[in-house]
Amino acid sequence: MSLGTLITVAPTGAEHAKADVPQLPVTLEELVATAQSCEQVGAAMIHVHIRGEDAKPSLDLGRLKATVEALRSETNLVVQLSSGGSVHDPEENRLRVLEAMPDSASCTMGTVNFGDDVFMNRWEFIVALHKGMQERGIVPEYEIFDIGQLASLKRLLDQHGLPAGGHVHVDFVMGVPGGMPGDAATLVAAVNALPDGATFSATGIGRTTLPVMFTALGAGGHLRVGMEDTISYSRGVPVRDNAQLVARAAGLAKIAQRPALTPDETRKLLGVHI
């Protein structure tokens, strides 16, 4: 069990519209301000989806590079780019994310029904992402939407070796309609199926946020929170901003006597090159 808690903030995502959620950070200026406020209250890593001029999801390489540069310049956070984009983005655009050279990037370990859509992740694409990160020294976070995807992770590691940084870290994304449920029993089962030596974060979508958070802390795991995953702070109460969610996670981690890790402690944990 880790003596501290890695808190990742996922501030934007690709699902919510700015018109529906005005407090959602979509411009570079809003994203940097969000990152700074979240770092101040306990975040150590930021999981980034970017938006275009129209506030819709984008994988524009120039914008991705500018985002990485700005976050590195204005914060000390570990910068993780989503290679998922939106469920409609083609594979070549998702692979091009690595050219922005973030510290870390997500690597989803299988295809999953995503509400009314399908989040496609073919085996050949997963291998290409894994190898692309190995070649560039980018540390992956393996996103697990269903327990069976852990078998794919073990297959990937057996066939293609350890990731850049040498350490395996996964994020259990729980509560997505079509994926594994966000409850304690499922998270414990998933933790028991992890590869030896791996660490994990857990994310509860929507109303599963708190059950997943409490269980992850008790099981020695880490936390991902943010408006990508929930826009409600409690029943009938909208989230004010991402820092509010990070502060709650940091407070619970402190109560669990596993206080929030700093960004530099997180780099050491994940094997991110300093």
Side-chain angles (χ1 to χ4, degrees), residues 8-39 43 45-75 77 79-108 111-121 125 129 132 138 141 143 145 171 173 176-178 203 205-206 224-233 238-246:
T8 301
V9 61
T12 307
E15 302 304 314
H16 303 303
K18 179 74 166 178
D20 298 330
V21 189
Q23 65 273 39
L24 193 73
V26 298
T27 68
L28 182 55
E29 292 75 16
E30 290 171 341
L31 184 62
V32 169
T34 293
Q36 291 172 327
S37 63
C38 289
E39 183 178 11
M45 182 157 69
I46 184 167
H47 172 82
V48 180
H49 290 254
I50 66 166
R51 301 291 180 100
E53 288 288 346
D54 58 1
K56 294 182 179 179
S58 172
L59 288 180
D60 178 80
L61 184 57
R63 286 181 175 273
L64 287 167
K65 289 181 175 180
T67 299
V68 171
E69 181 180 356
L71 290 171
R72 284 191 176 139
S73 173
E74 301 299 327
T75 78
L77 294 173
V79 179
Q80 179 186 96
L81 291 181
S82 169
S83 69
S86 79
V87 294
H88 309 292
D89 284 316
E91 290 179 352
E92 58 268 24
N93 291 2
R94 294 172 60 191
L95 285 170
R96 200 177 301 128
V97 167
L98 302 183
E99 296 178 27
M101 292 301 294
D103 303 310
S104 174
S106 60
C107 181
T108 301
T111 298
V112 64
N113 289 329
F114 202 94
D116 295 332
D117 296 306
V118 176
F119 183 25
M120 181 69 70
N121 293 279
F125 174 71
L129 262 181
I138 297 169
E141 181 176 76
E143 288 195 338
F145 284 81
D171 180 41
V173 184
V176 171
T203 306
I205 303 300
R224 187 182 101 174
V225 298
M227 294 178 67
E228 172 174 346
D229 304 318
T230 183
I231 54 175
S232 296
Y233 189 76
V239 170
R240 181 183 67 243
D241 54 30
N242 281 281
Q244 183 185 34
L245 296 172
V246 173

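Start at 1 with the first residue, then count along the sequence.
Closest non-hydrogen pair, Leu31 versus Thr67, comes out as CD2-CG2, 3.6 Å. Counting all heavy atoms, side chain and backbone alike, Ser83 lies closest to Leu129 at OG-CD1, 3.4 Å. Nearest heavy-atom pair across Ala66 and Leu28 is O-CD2, 4.2 Å. Closest of all the heavy-atom pairs between Ala100 and Leu81 is CB-CD1, 3.7 Å. When all heavy atoms are compared, the tightest approach of Cys38 to Val9 is SG-CG2, 3.9 Å. Nearest heavy-atom pair across Val26 and Ala55 is CG2-CB, 4.2 Å.
For Thr75 (side chain) and Leu71 (main-chain N/O), a donor-acceptor pair under 3.5 Å exists by modelled atom type. Judged by distance alone, with hydrogens and angles left aside, the side-chain atoms of Asn93 form no donor-acceptor pair with the main-chain N or O of Leu59 at under 3.5 Å. Between the side chain of Glu143 and the backbone N or O of Val173, no donor-acceptor pair lies under 3.5 Å.
With sequence neighbours excluded, the residues forming a side chain to side chain donor-acceptor pair (under 3.5 Å) with Asp171 are Thr203, listed by chain and number. For the side chain to side chain contact (heavy atoms under 4.5 Å, CB included) test, residues two or more places apart in sequence or in another chain that qualify with Lys56 are Asp54. With sequence neighbours excluded, no residue forms a side chain to side chain donor-acceptor pair (under 3.5 Å) with Glu29. In this view, Val87 and Phe114, Asp117, Phe119 satisfy the side chain to side chain contact (heavy atoms under 4.5 Å, CB included) rule, not counting sequence neighbours. When the side chain to side chain donor-acceptor pair (under 3.5 Å) test is applied to Thr34, no partner is found at least two apart in sequence or on another chain. Not counting sequence neighbours, Phe125 has no partner by the ring-ring contact (aromatic ring centres under 6.0 Å, His included) test. Under the side chain to side chain contact (heavy atoms under 4.5 Å, CB included) criterion, Ile231 pairs with His16, Val21, Met227, sequence neighbours left out. The salt bridge (Lys or Arg N to Asp or Glu O under 4.0 Å) search around Glu228 returns Arg224, not counting sequence neighbours. Ser82 meets the side chain to side chain donor-acceptor pair (under 3.5 Å) test with His49; sequence neighbours excluded. Listed by chain and residue number, Ile50, Glu53, Ser58, Asp60 satisfy the side chain to side chain contact (heavy atoms under 4.5 Å, CB included) test with Arg63 (two or more places apart in sequence, or in another chain).
From Thr12, atom OG1 reaches atom CG of Asn242 across 6.5 Å, with rounding to the nearest 0.5 Å. Within the model, atoms CD of Glu141 and OG1 of Thr108 stand 9.5 Å from one another, a figure rounded to the nearest 0.5 Å. Taking CD1 of Ile138 as the reference point, atom CE of Met101 lies at 4.5 Å (rounded to 0.5 Å). Atoms OG1 and CG, on Thr111 and Asn121 in that order, are 5.5 Å from each other to the nearest 0.5 Å.
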| Does the side chain to side chain contact (heavy atoms under 4.5 Å, CB included) test come out yes or no for Val79 and Arg72, once each step is laid out? | CA-CA 7 Å; Val79 179; Arg72 284 191 176 139; 4.2 Å; yes
| said: One pair to check against side chain to side chain contact (heavy atoms under 4.5 Å, CB included): Val176 and Val112. What are the steps and the verdict? | reply: CA-CA 9 Å; Val176 171; Val112 64; 5.6 Å; no
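Residues in residues 85-101 take part in these salt bridge (Lys or Arg N to Asp or Glu O under 4.0 Å) pairs, two or more places apart or across chains: Glu91-Arg122. The salt bridge (Lys or Arg N to Asp or Glu O under 4.0 Å) contacts involving residues 14-28 comprise Lys18-Glu30, where partners must be two or more places apart or lie in separate chains.
Arg51 has its side chain out of reach of Thr27: every pair of non-hydrogen atoms, C-beta onward, lies at least 4.5 Å apart.
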